[in-house]
Trainee: 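Here it is, the structure, as structure tokens.
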Amino acid sequence: MQYRWKGKIEKLTRFYISKLHNEKIRRNLLQAIPFWLASLITGVIAVGYTKMFNLSETLLHYFIQWNDWIIFILAPLSFLIAWIIVQRFAPNARGSGIPQIMAAIDLTPEKHEKGITKLLSLRIIAIKIVSSLFMVLGGGAIGREGPTIQIAGSVFRVIHRFIPESWPRSSQKSFILTGAAAGLAAAFNTPL
């Protein structure tokens with residue numbers, strides 16, 4: 001089923017792109033579309049992540065105002081849940097996210113595709129978001145900048161994997177670097 005919609009999108013895009021008569025413009029447009037799509041998805045995820053992060057902080061403050069001793073239960077429980085989620089589902093989602101991006105950039109896709117997948121994937125996106133929200137709920141001193149960079153790098157890598165073979169391709173390294181830059185921009189609310 002996944003490949004059915006991929007084929008439809010490719011045919012539709014190829015139809016509209018074929019209407020362009022300048023080959024250079026056609027090639028540049030086909031190269032730009034995946035970057036635009038990944039940037040849009042990164043922006044949406046970053047905004048949603050920021051809102052959820054703020055909601056977790058608000059919930060923490062609400063619980064502490066309700067009973068200030070609740071932090072002695074909430075902190076260890078939240079940290080334990082976050083640790084279990086990361087250990088069980090995506091061990092490479094631990095940490096800030098920046099070292100994982102740097103490692104993925106250094107790995108060559110031909111030899112280390114599985115290693116890159118362990119560092120940047122849809123699973124990493126989900127686990128990074130959920131575990132960091134539990135950490136904030138427990139009063140953890142964490143920021144959203146590093147996780148947003150790893151999340152954006154994962155988005156760009158996933159989009160790179162779905163580029164049709166017939167399209168001109170940029171390197172995976174370029175996509176990951178651009179994703180990291182987009183994540184940094186999104187984390188600090190700067191224009192993408």
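These figures come from a predicted structure and were not determined experimentally. Heads up: numbering here begins at 1 and tracks the sequence.
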Trainee: Roughly how far, to the nearest 0.5 Å, is the CG atom of Leu122 from the OG1 atom of Thr117?
Mentor: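 Between Thr117 OG1 and Leu122 CG, I get 10.5 Å after rounding to 0.5 Å.
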Trainee: Compile the donor-acceptor pairs under 3.5 Å between side chains in residues 61-87 and protein atoms, sequence neighbours left out, one pair per line.
Mentor:
unit_1: Asn67; atom_1: OD1; unit_2: Trp69; atom_2: N; d: 3.0
unit_1: Ser78; atom_1: OG; unit_2: Leu74; atom_2: O; d: 2.9
unit_1: Gln87; atom_1: OE1; unit_2: Arg94; atom_2: NH1; d: 3.3

Trainee: Got a second to check how far Leu59's CG is from Met52's CE, nearest 0.5 Å?
Mentor: 13.0 Å
Trainee: Nearest 0.5 Å please: distance from the CE atom of Met102 over to the CD1 atom of Ile176.
Mentor: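 Here the interatomic distance stands at 13.5 Å.
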Trainee: Check whether Val47 and Leu40 end up in the same hydrophobic cluster, where Ile, Leu, Val, Met, Phe, Trp and Tyr are linked by side-chain heavy atoms less than 4.5 Å apart.
Mentor: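 Val47 does not cluster with Leu40.
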Trainee: Is the ring pair Phe175/Phe35 parallel, tilted or perpendicular, if the boundaries are 30 and 60 degrees?
Mentor: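 Answer is parallel, since the angle falls under 30°.
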Trainee: What are the two closest non-hydrogen atoms of Pro34 and Ile159, and how far apart are they?
Mentor: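 So the minimum-distance heavy-atom pair works out to O-CG2, 3.6 Å.
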Trainee: Quick check against the 3.5 Å criterion: does Arg157 have a side-chain atom that pairs as donor or acceptor with the backbone of Ser121?
Mentor: no
Trainee: What side-chain donor-acceptor pairs closer than 3.5 Å can you find for residues 126-149, not counting sequence neighbours?
Mentor:
unit_1: Lys128; atom_1: NZ; unit_2: Ala93; atom_2: O; d: 2.8
unit_1: Lys128; atom_1: NZ; unit_2: Gly95; atom_2: O; d: 2.7
unit_1: Lys128; atom_1: NZ; unit_2: Gln150; atom_2: OE1; d: 2.9
unit_1: Ser131; atom_1: OG; unit_2: Ile127; atom_2: O; d: 2.8
unit_1: Ser131; atom_1: OG; unit_2: Lys128; atom_2: O; d: 3.4
unit_1: Ser132; atom_1: OG; unit_2: Tyr49; atom_2: OH; d: 2.7
unit_1: Ser132; atom_1: OG; unit_2: Lys128; atom_2: O; d: 2.9
unit_1: Ser132; atom_1: OG; unit_2: Ile129; atom_2: O; d: 3.1
unit_1: Arg144; atom_1: NH1; unit_2: Thr50; atom_2: OG1; d: 3.4
unit_1: Arg144; atom_1: NH1; unit_2: Ala187; atom_2: O; d: 2.9
unit_1: Arg144; atom_1: NH2; unit_2: Ala187; atom_2: O; d: 3.4
unit_1: Thr148; atom_1: OG1; unit_2: Arg144; atom_2: O; d: 2.4

Trainee: Would a distance-only check, ignoring hydrogens and angles, find a side-chain to backbone donor-acceptor pair under 3.5 Å from His160 to Ser174?
Mentor: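 No, the answer is negative, given that no donor and acceptor are paired below the 3.5 Å cut-off.
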Trainee: Does Val158 reach the side chain of Leu120, with side-chain heavy atoms less than 4.5 Å apart?
Mentor: no
Trainee: Determine whether Ile116 and Ile124 fall in the same hydrophobic cluster, where Ile, Leu, Val, Met, Phe, Trp and Tyr are linked whenever their side-chain heavy atoms lie under 4.5 Å apart.
Mentor: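 In one cluster: no.
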